[in-house]
Amino acid sequence: MTTTLSTKQLDAIQNIIFEKLVEHSKGIKIIVPCQLYLIERFVAQCRLLEKIRYCDYELAYILYTLSKRYLKHFEGKIKAASDEVYSAVMSVLEDRSQQVELIQKGLHVESSDDLFDRFKALKESTSTSTKGSSTNGYQEQVSPAELQQLLKSSKVLLIDYRPRKDYVHNHIKHPNVVNIEPSLVENLPAEATSQDLEAKLKHTMSHQQFKMFEERQKFDFVVMYDFKFGVLGNNRFMEILKDIEQPLANPFKRLIDLLTVKNPLISSQLKLRPIYLSGGVKNWFEIFGSDALEDSRNSSSAAEMNGLVYPKSFDDYLSSARRASPSESKEAEIKSRPRANVENTLPKSSFMGVQPYNPSSSSTVTLTPKPTQPISSKPQQKHLSNLLDDFTTGLVNLGNSCYMNCMIQCLAATPQLTSFFFPSITTNGSYKQHININNKLGTQGILTTAFVELLLNMLNNNGKVFSPSKFKKIAGECSPGKQFASCSQQDCTEFVTFLLDGLHEDLNQRPVLDPQEKKRISELTPEQEKNRELIPVRLASTIEWERYLKLNFSIIVDNFQGQYLSQLRCLECGTTSTTYNAFSILSLPIPEKLNHASKVTLQDCLEEFTKIELLDEGNKWHCSSCKKFTRSTKKIAITRLPQVLLVNFKRFKVNPSGQIRKLETFVTYPVTETLDLTQYWTKPGTTMNDSGPPKMTLEEETTILESFPVRNQEPPFKYKIFGVANHFGTLSTGHYTAYVYKGGQKRWCYFDDSKVTTNVAPSQVMNKNAFCVFFQRV
């Protein structure tokens, strides 16, 4: 039980803190910052009172009394050091007298001893009272013991505010917990709202988690936590001392603002301002132990579902590679009747029923788009393959839509897409027969059809200008949270990610509809995960890719997606945990140490991406073997390389103060030569576990690998550049253009929305504004 504190009790706490502050304040270099810290924290509580009619009254009272007492005690020293500081603090204390009265009044309102009842009374007060009324229930942070009470007596939504990897390995055991990665919030533009946040989370959260977050207003409380922010133990007032000794910005501030002051919808307003768990998951673990934590990796089941048994061990996994079951064969037969010759093109070996996609063998249907501009018959007067290679059509800027135009120009020059959508001018377009209208994650072909229609209009307006207004409208309607529906500036890589994801889901041939079956495919059992750590990387990567294809198989996956592994290693016991992740864009960091140099190479960025990172202090990993948070390392390695490689240079970075700055570093990349990435691809015989002798010989690994489809994973991996998206200016006021390589006599072309320049010198293509580079494997 948590009780409200009387003024006498608060004064006693304040006396303890004051004595420690005086003992800590050895010189003026400590006294002035300490005084400013106290007054700033007090003002923050006053502003809360003004905005939402309540604040943490107990904390506000202690901060106010400490500010006055500390100022009086060190009055002479503060005046001598800075009369301006002294006057400013005095002015604040005098100007906030009205809020002080409300704070003192709030401390004397009767309420229950139970924390939940105090919050309940607060909700009733704020919803029915007039401005200026108050109650003493709210506190901006809760101790583990207080949170445990709330979890038992009320409806609580927990937000685990850490990287996904940390959340998967350990989080508070509770049915209503969602994971939001800090980097996702930090990378949102300054003007972003809660709707923008929802649009991002829809792509990163499971359906169940997203549904909970979407209905967050139905919860009595929203409680956030990270690794260890806040004071340890159960005395939340001691955080004042901790912050003065080692000031830390509240990591939840941006997220709380998005859920409160930057939430434009009344329907999703929270019942109470979010609070945070003091000391984070580390404090929770130290008080309640490992039984109060949950490991998501252990939640997968190996039971049977619809006659399909998922393997329990690595040996079972290998032996389960088989041809389609009779029921799957029947389903494939029904789906393939319009294209009967597909069956003869399948490889002899398939994994757990995954059928490779083969666009060249499909018959087609008529493509009849309804363009916003007349379609001429010119494509039929010229061989289509030549036109697909060299058409140059400018795109009208529809109001900051340059982020969209530059990516469309690059994708329109990608032969894997154009040859799929337009296999021959004398045959009918085949893409419609691959649209999966039953996939709830897709748009039932709306986005894909609009994209094909746009490409067709660009083909028929070769050498002219076309307005992509219809496509932008449809893309805007289909984008999460209608992100691309407005005329505001957007990130071009976010747009191309959305478009590729949308095309993939529309054309996805292997979705499993049953949620439990999806879960068993996508999640590993503890035994599977343990075995995966022991086998060679190339084999583990192949197995994980075939697992991935059970839920994701389309022309986009086959051509645009690669894979990388991320391994955590405990530095105390050597335990490792490795995950394999698919990517459509390889986002590379720009080495900080070279920011002031004249140029950085693409290889420098790759080395930075794949270097070993030390996880210490607030980034420690909870080792499953040590049963505690330990110093660890993180290693990333590329395990699969795509046919079409998109490389994004991460030019925007969030400062410790929360401001977004752009890295203007000149990154060089090959334009006239090929890019060889063979050294970054993990070859057979590679292991990540160096403890003990290899568990499998190279011959054994090779033999097993031969039972799987190769799927283009044979070295060398050499690439030729064919597109560069450039960014000028800042994140919110910038401009995008593109260099795209065309056939015929046009060669390199420069697309600046509706303006097109042909025969650009290759030396111009390599430029300091490069933001996203497109490579084609050769």
Self-check item: Whether over 12 other heavy atoms sit under 6.0 Å from Lys653 NZ
Solution: no
Self-check item: Reported CD-to-CD distance for the pair Glu608 and Gln603, which is rounded to 0.5 angstrom
Solution: 14.0 Å
Quiz item: Are the aromatic rings of Phe722 and Phe775 close, with centres under 6.0 Å apart?
Solution: no
Quiz item: Below 6.0 angstrom between ring centroids: does that apply to Phe717 and Tyr680?
Solution: no
Quiz item: What are the two closest non-hydrogen atoms of Leu447 and Ala475, and how far apart are they?
Solution: CD1-CA, 4.1 Å
Quiz item: Quick one: are the ring centres of Tyr739 and Trp748 less than 6.0 Å apart?
Solution: no
Output side-chain donor-acceptor pairs under 3.5 Å for residues 404-417, partner residues at least two apart or in another chain, one line each.
residue: Asn405; atom: ND2; partner: Leu395; partner atom: O; Å: 3.4
residue: Asn405; atom: ND2; partner: Val396; partner atom: O; Å: 3.3
residue: Asn405; atom: ND2; partner: Asp753; partner atom: OD1; Å: 3.0
residue: Gln409; atom: NE2; partner: Thr393; partner atom: O; Å: 2.7
residue: Thr414; atom: OG1; partner: Cys410; partner atom: O; Å: 3.1
residue: Thr414; atom: OG1; partner: Leu411; partner atom: O; Å: 3.3
residue: Gln416; atom: OE1; partner: Gln776; partner atom: NE2; Å: 3.1
residue: Gln416; atom: NE2; partner: Gln776; partner atom: OE1; Å: 2.6

Self-check item: Tyr431/Phe420 aromatic ring centres below 6.0 Å
Solution: no
Quiz item: Passes salt bridge (charged side-chain N to carboxylate O under 4.0 Å, His left out), Glu477 versus Lys482? Steps please.
Solution: CA-CA 5 Å; Glu477 291 293 323; Lys482 298 186 178 180; 3.4 Å; yes
Quiz item: By side chain to side chain donor-acceptor pair (under 3.5 Å), which residues pair with Lys650, not counting sequence neighbours?
Solution: none
Quiz item: By salt bridge (Lys or Arg N to Asp or Glu O under 4.0 Å), which residues pair with Glu214, not counting sequence neighbours?
Solution: none
Quiz item: For Phe583, which residues count as a ring-ring contact (aromatic ring centres under 6.0 Å, His included) partner, sequence neighbours excluded?
Solution: none
Exercise. Give the intermediate values and the outcome of ring pair (Phe, Tyr, Trp, His ring centres under 6.0 Å) for residues Phe484 and Tyr403.
Key: CA-CA 10 Å; Phe484 303 111; Tyr403 69 88; 5.8 Å; yes
Quiz item: In Å, rounded to the nearest 0.5 Å, how long is the span from CG of Leu646 to CD of Gln561?
Solution: 11.0 Å
Exercise. Identify whether NZ of Lys or CZ of Arg in Lys599 sits under 6.0 Å from the centre of the six-membered ring of Phe666 and within 45° of that ring's axis.
Key: yes
Quiz item: Excluding sequence neighbours, so at least two apart, what forms salt bridge (Lys or Arg N to Asp or Glu O under 4.0 Å) with Asp616?
Solution: Arg631
Quiz prompt | Check: Phe652 ring centroid to His727 ring centroid under 6.0 Å | solution = yes
Self-check item: Those residues that, when tested against Lys746, pass salt bridge (Lys or Arg N to Asp or Glu O under 4.0 Å) (two or more places apart)
Solution: none
